Engineer: 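This is the structure I have questions about; it appears just below.
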Amino acid sequence: MRRLVPRLLKAPTTHARLRAAVPAALVLRSPWPPRPKFPTLLHETLPTPSQRATFRTAAPLLYSTDNNDTIAGETVATTTESTSSASSSEEPPPPLPLDDDGRLDPSVFPKLPFCFDTGIGLFAKRTPRPFPPPFLSPPSGSFSDPLSTHDRSRDRRKVYVNGHLIQGYTNGDDAVFASKYFICANDGVGAWSMRPRGHAGLWARLILHFWATNIFQDAASHSQRDYHPDPVSYLQHAYEQTVEATSEPNDWQGTTTVAGALLHFRKNSETGDPEPLVYVTNIGDSQVMVVRPSTREMVFKSKEQWHWFDCPRQLGTNSPDTPVNCAVVDEVPIREGDVVLAMSDGVIDNLWAHEIVEKVSESVERWERGEGREEGIVEGEDGKDMMGFVAEELKEAAKVIALDPFAESPFMEHAIEEGLASGGGKLDDISVVAAMCRKNKG
């Protein structure tokens, strides 16, 4: 692991596509204070816009590096005014739209003209860490249940928050989600595994869970006519919910990048016919890419966000980044048959964009010729289908480079540009969610 970096982050740069600029009152500059033994977690209630101007005190934050990413931090102001009275008057959230298995039910969406066929491909560089209490224990059904749930909590997929099954899948420190209308890949910053109370995988999964839940809840409360997605609002609320869930008495720390794609549609200005549209939301160096296999071209690629090399923008403990200030949203027109990819940096650090396009297009053609149907495929939303095969093939291609100490890779190239000695691929968690746009038949 690299040495700690005793310097402050530069002020965040303004981006033309950001939803809101960072208010100057949010960040106060001061000389670097004595560093604590590990990052301190901010437990203050997140302020409302009208309260942000009341920020006056600064809390010292710390960041470090390892072979994966850097924990971001800087001196961030903390509020001195209580907002508990405002939060107590809020209305309770609507019930979660869950199916019989406790997973989010896509049927609650208004009747949309397009949907995704999905599949996932996962490779973890090390066994995922078990989720800590209280997230690992299923909710008790009655007072007659045994006090210990150790036998059931060993299944890492059956993890709970607020009494509900946590959505998605964990892959090392990554987390992924796949459904008919929304896909997501979050990359937890691995340096937290070396810190007391650090658990980046938990942060990645919780933000994914709350983000997807907020999307489904909002969709369930609208008709097709008045449903207008707001991905940043959903993500900001998910971030706040994760901060609350990991604060005292639980006190679990971590940070994660975020990349998601929400499928919607727009009306053609001439014919009035619906056309598929994807809302791409990104914070950090995870990536969403749209590939058109029919022409073997890349339609869209989200742009990574960095504080400096190997230190992406990230949500979580001590990070100055928040969705409302840093999330970039792109509205991307697509076509039927296009493949939307949500990928962690384990893919894009080992494969160049043109290699991803070629692998996806080749895998689609192979499947259409009848190849690959007998191979083991990770189940996606619709089971073992074409997108499961595509995601698995892309994951395997990235894994080959990641394990090759002599391969040329994008990460190696970027490291050399920064004056750092580097060679071969980058061993990291590799997460792929592949989704093909098609007409919604029901």
Side-chain angles (χ1 to χ4, degrees), residues 26 33-48 51-52 54-64 71-90 92-93 129-140 147-150 153 156 159-166 170 173 175 186 188-189 191-211 213-214 235-256 314-324:
L26 282 177
R35 296 182 299 185
K37 293 183 180 179
F38 55 89
T40 55
L41 178 64
L42 300 181
H43 297 298
E44 281 73 23
T45 304
L46 291 171
T48 62
Q51 294 169 324
R52 288 173 179 163
T54 66
F55 278 46
R56 289 295 180 268
T57 57
L61 305 179
L62 185 66
Y63 45 87
S64 71
I71 297 174
E74 70 175 43
T75 304
V76 179
T78 58
T79 182
T80 59
E81 293 190 4
S82 173
T83 60
S84 58
S85 60
S87 61
S88 62
S89 61
E90 294 180 356
R129 298 174 63 199
F131 279 10
F135 306 102
L136 56 78
S137 297
S140 177
L147 295 179
S148 173
T149 58
H150 175 70
S153 65
R156 64 183 175 88
V159 287
Y160 292 77
V161 62
N162 299 334
H164 297 290
L165 184 71
I166 300 179
T170 292
D173 289 321
N186 294 353
V189 177
W192 285 102
S193 63
M194 305 298 294
R195 304 300 183 86
R197 312 297 295 178
H199 204 306
L202 175 65
W203 266 82
R205 184 81 174 271
L206 285 178
I207 285 184
L208 177 151
H209 163 83
F210 288 122
W211 194 15
T213 298
N214 294 336
L235 182 56
Q236 177 67 31
H237 188 37
Y239 167 69
E240 296 170 4
Q241 290 172 298
T242 304
V243 169
E244 180 180 0
T246 55
S247 297
E248 294 287 357
N250 301 327
D251 191 16
W252 288 102
Q253 306 168 357
T255 50
T256 181
Q314 53 204 263
L315 301 178
T317 309
N318 297 344
S319 173
D321 306 325
T322 61
V324 71

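Predicted model, so just to flag it, every value in this text is computed and none were measured. Residue numbers count from 1 along this sequence.
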Engineer: Is the backbone N or O of Q314 less than 3.5 Å from a side-chain atom of S319, with the two atoms forming a donor-acceptor pair by type?
Structural biologist: yes
Engineer: How would you list, by chain and number, every residue that makes a ring pair (Phe, Tyr, Trp, His ring centres under 6.0 Å) with H199, sequence neighbours excluded?
Structural biologist: F131
Engineer: Given 3.5 Å as the limit, does a donor-acceptor pair link the side chain of T256 with the main chain of L315, or not?
Structural biologist: no
Engineer: Hey, does the side chain of W203 reach the backbone of T242 with a donor-acceptor pair shorter than 3.5 angstrom?
Structural biologist: no
Engineer: Which atom pair, heavy atoms only, marks the closest approach of A238 to W211?
Structural biologist: CB-N, 3.3 Å
Engineer: Please determine whether side-chain contact (heavy atoms from CB on, under 4.5 Å) holds for the pair N214 and Q241, giving the CA-CA distance in whole Å, both sets of side-chain angles, and the decisive distance to 0.1 Å.
Structural biologist: CA-CA 10 Å; N214 294 336; Q241 290 172 298; 3.2 Å; yes
Engineer: Do V159 and R205 make a side-chain contact, defined as non-hydrogen atoms from C-beta onward lying under 4.5 Å apart?
Structural biologist: yes
Engineer: Any idea which heavy atoms bring A204 and G188 closest together, and the distance?
Structural biologist: CB-N, 4.0 Å
Engineer: Using a 3.5 Å distance criterion without hydrogens, assess whether the side chain of N250 forms a donor-acceptor pair with backbone atoms of A245.
Structural biologist: yes
Engineer: Between atom CD1 of I207 and atom CD of E240, what is the distance when rounded to the nearest 0.5 Å?
Structural biologist: 11.0 Å
Engineer: Could you give the distance from CH2 (W192) to CG (D173), rounded to the nearest 0.5 Å?
Structural biologist: 12.5 Å
Engineer: Of all residues at least two apart in sequence or in a different chain, which pass the side chain to side chain contact (heavy atoms under 4.5 Å, CB included) check with N162?
Structural biologist: F210
Engineer: State the CZ-CG distance between F135 and L202, to the nearest 0.5 angstrom.
Structural biologist: 5.0 Å
Engineer: What are the two closest non-hydrogen atoms of Q236 and T322, and how far apart are they?
Structural biologist: OE1-CB, 4.1 Å
